[in-house]
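Here's the structure, in structure tokens; my notes come after.
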Amino acid sequence: MFEHIEAYPGDPILTLNENFQKDPRQNKVNLSIGIYFDEDGRLPVMQAVREAEAAILNDPGPKPYLPMAGFAPYRDAVQGLVFGQQCPARAQGRIATVQTLGGSGALKVGADFIKRYFPQARVWVSDPSWENHRFIFERAGLTVNTYPYYDEATGGLRFDAMLAGIDALPRRSVVLLHACCHNPTGVDLDHAQWEQLIAVLQKRELLPFVDMAYQGFGAGLDDDAFAVRELANRGVPSLVANSFSKNFSLYGERCGGLHVICESAIEAERVLGQLTGSVRSNYSNPPTHGAKIVTRVLTTPELTLAWQSELSAMCQRIARMRLAIHDGLLEHVRGEALSRYIKQRGMFTYTGLTADQVERLREAHGVYILRSGRMCVAGLNEKNVGPVTEAIAKVLASAA
Ligand code: KET
């Protein structure tokens, strides 16, 4: 029956992360997956999450099914965080929001929605992008192409080429964008560039799908949502996926949201209905626990403040690690290329290391980064940054 099924080649991120767990070496360092580890190399439980969870467990209550669209207070709180409390589109009921299984679940429900209502549309993702973008859209039956994005020579953005590429797309093409902290490059658009790009998206009647998996890890919770809020304010029909995996350190609870910005409240209601139908035929309704935690934190002012300050402390620690690896490498290697370690934002730096160098880094030194050269700088700490720097320097020297 199953003879024709070939072996799964593995996932470039999750399989590598699993291989890391199996590596018996004591001094191994995991800079592969996009997970924030604290100064002691541990996955943090944020204080606000701890308190919210304690309060929930203190008064557990029954566990009915949630509505298909998710926990209503969660949907409202998440919409407020993503679009801003004062967002006119939100007040006018023009945004359809469903609770999803993390950011990935939001992308999947969104991809199914596109396949059903824009069956001819192709999806355009940045070159490069998070590998799973392609997998999710292709498995939903859509064709995925790329638009220019990263400039290997400068470690920055090919903005003119990106804009020209997008400007030439057929009407109603889907353009996948990263709201902030671009994965894997750490290279983002500035406000002026977003304004220019949004004008093109609007003029060409393209359908933006914005993935915001790292809100709060770039320039702050509001600034990171700049593009999303501009799209809503300018009334550009769009899809937005958001995730609490990283900014709440709630990876396994699978908390996220899918938001569709519509042109009227009536349209939003119909869109919401269809998203709900998609949830029903996929997994019926989402889980409760994580949604309760996030809702409690976002609707209790003291917990919101505690969460925000812990999140910004996490960002400051990442910034210190960026500086530490940059300065450490400067002692061994010269060149402009190192500035990318401090210029690129969010959890990742695109190191420019080749697949061979990445392999040597892992085999000889136990340092795990992605084959593409992506390093999760949020996995560095005061103890491992020295050895990691030395390992990279050795790999670079032996290649020279
Ligand atoms: N979008 C992006 C851009 C992203 O980097 C991730 C996760 C997700 C969505 C998924 O979010 P979630 O809420 O976990 O479903 N990225 C990291 C983990 C992974 O690959 O699953 C990573 O890139 O390492």
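Computed from a predicted structure; not experimentally measured.
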Does any N or O in the side chain of Ser398 come within less than 3.5 Å of the main-chain N or O of Val395, such that one atom is a donor and the other an acceptor?
-> yes
With sequence neighbours left out, write down each residue that passes ring pair (Phe, Tyr, Trp, His ring centres under 6.0 Å) with Phe248, or none if nothing qualifies.
-> Phe244, Trp307
Indicate yes or no: does Arg317 engage Asp38 in a salt bridge with an N to O separation below 4.0 Å.
-> no
Donor-acceptor contact present, side-chain Thr100 to main-chain Gly102, <3.5 Å = yes
Answer yes or no: is there a donor N or O on one side and an acceptor on the other, between the side chain of Thr354 and the main chain of Gln357, under 3.5 Å?
-> yes
Verify the cluster assignment for Val45 and Leu43: are they in a single hydrophobic cluster under the rule of side-chain heavy atoms below 4.5 Å apart?
-> yes
Check each of Phe137, Phe118, Phe209 against Val123 using the side chain to side chain contact (heavy atoms under 4.5 Å, CB included) test, and report the only one that passes.
-> Phe137
Any salt bridge between Arg345 and Asp188, counting N to O under 4.0 Å?
-> yes
Test Val82 against every option in Val210, Thr97, Val240 by the side chain to side chain contact (heavy atoms under 4.5 Å, CB included) rule and name the one that passes.
-> Val240
Can you establish whether the number of heavy atoms outside Arg122 located under 6.0 Å from its atom CZ is more than 12?
-> no
By ring pair (Phe, Tyr, Trp, His ring centres under 6.0 Å) - contacts of His191 (at least two apart) | Phe226
Would you say Tyr117 and Ile114 are hydrophobically clustered, going by side-chain heavy atoms of ILVMFWY under 4.5 Å?
-> yes
Flag the pair Ser264 / Glu267 as yes when at least one side-chain heavy-atom distance between them is below 4.5 Å, and no otherwise.
-> yes
For atom CZ of Arg158, decide whether the heavy atoms of other residues, nucleotides or ligands shown that lie under 6.0 angstrom number more than 12.
-> no
Is it true that Asp112 and Lys108 have a side-chain N and a carboxylate O under 4.0 angstrom from each other?
-> yes
Distance-only, no hydrogens or angles: does the Gln215 side chain make a donor-acceptor pair with backbone N or O of Leu81 under 3.5 Å?
-> yes
Does the Lys246 side chain pair with the main chain of Gly34, one donor and one acceptor, at a distance under 3.5 Å?
-> yes
Is atom CD1 of Ile266 surrounded by more than 12 heavy atoms (other residues, nucleotides or ligands) closer than 6.0 Å?
-> no
Donor-acceptor contact below 3.5 Å, side chain Thr300 vs main chain Arg296 = yes
Flag the pair Ile33 / Leu14 as yes when at least one side-chain heavy-atom distance between them is below 4.5 Å, and no otherwise.
-> yes
Got Arg234 and Glu230 here, is their nearest side-chain heavy-atom distance under 4.5 Å?
-> yes
Side-chain heavy atoms of Leu275 within contact of Met68, under 4.5 Å = no
Qualifying ring-ring contact (aromatic ring centres under 6.0 Å, His included) pairs, either residue in residues 263-301, two or more places apart | none
For Tyr150, enumerate each residue passing the ring pair (Phe, Tyr, Trp, His ring centres under 6.0 Å) test, keeping only those at least two apart in sequence or located in another chain.
-> Tyr350
Quick one: ring pair (Phe, Tyr, Trp, His ring centres under 6.0 Å) partners of Tyr149, sequence neighbours excluded?
-> His182
Using the test salt bridge (charged side-chain N to carboxylate O under 4.0 Å, His left out), find all partners of Glu269 that sit at least two apart in sequence or belong to another chain.
-> none
So, the side chain of Ser243 versus the backbone of Ala213: is there a donor-acceptor pair under 3.5 Å, distance only?
-> no
Within a strict 4.5 Å, meaning less than it, do heavy atoms of the Arg42 and Phe37 side chains meet?
-> no
Lys/Arg N to Asp/Glu carboxylate O, Glu310 vs Arg50, below 4.0 Å | no
Starting at OG1 of Thr389, measure out to CG of Leu380 and round the result to the nearest 0.5 Å.
-> 7.5 Å
Once you round to the nearest 0.5 Å, how far does CE of Met375 lie from OG of Ser32?
-> 11.5 Å
Side-chain heavy atoms of Tyr147 within contact of Val175, under 4.5 Å = yes
Can you check whether Leu169's main-chain N or O pairs, donor with acceptor, with Ser173's side chain at less than 3.5 Å?
-> no
Exceeds 12 heavy-atom contacts within 6.0 angstrom, atom CD of Gln86 = no
Using the six-membered ring wherever Trp is involved, compare the ring planes of His133 and Trp130 and label them parallel, tilted or perpendicular (cut-offs 30° and 60°).
-> perpendicular
Note: Asp23-Arg362 ion pair, threshold 4.0 Å (strictly below) = no
What orientation do Phe217 and Tyr214 show, parallel under 30°, tilted 30 to 60°, or perpendicular over 60°?
-> perpendicular
Return yes if some donor-acceptor pair links the side-chain N/O of Ser281 with the main-chain N/O of Ser278 below 3.5 Å, else return no.
-> yes
Any side-chain heavy-atom pair of Phe135 and Ser104 under 4.5 Å = no
CE on Met212 to NE2 on His259, rounded to 0.5 Å | 7.0 Å
Do any N or O atoms from the side chain of Asp76 and from the backbone of Phe71 form a donor-acceptor pair under 3.5 angstrom?
-> no
Considering only heavy atoms from C-beta outward, does the side chain of Tyr368 approach that of Leu361 to under 4.5 Å?
-> no
Relative to Phe20, does Lys28 satisfy both conditions: NZ or CZ under 6.0 angstrom from the six-membered ring centre, and within 45 degrees of the ring's axis?
-> yes
Geometric cation-pi criterion Arg322 and Tyr341, 6.0 Å radius, 45° cone | no
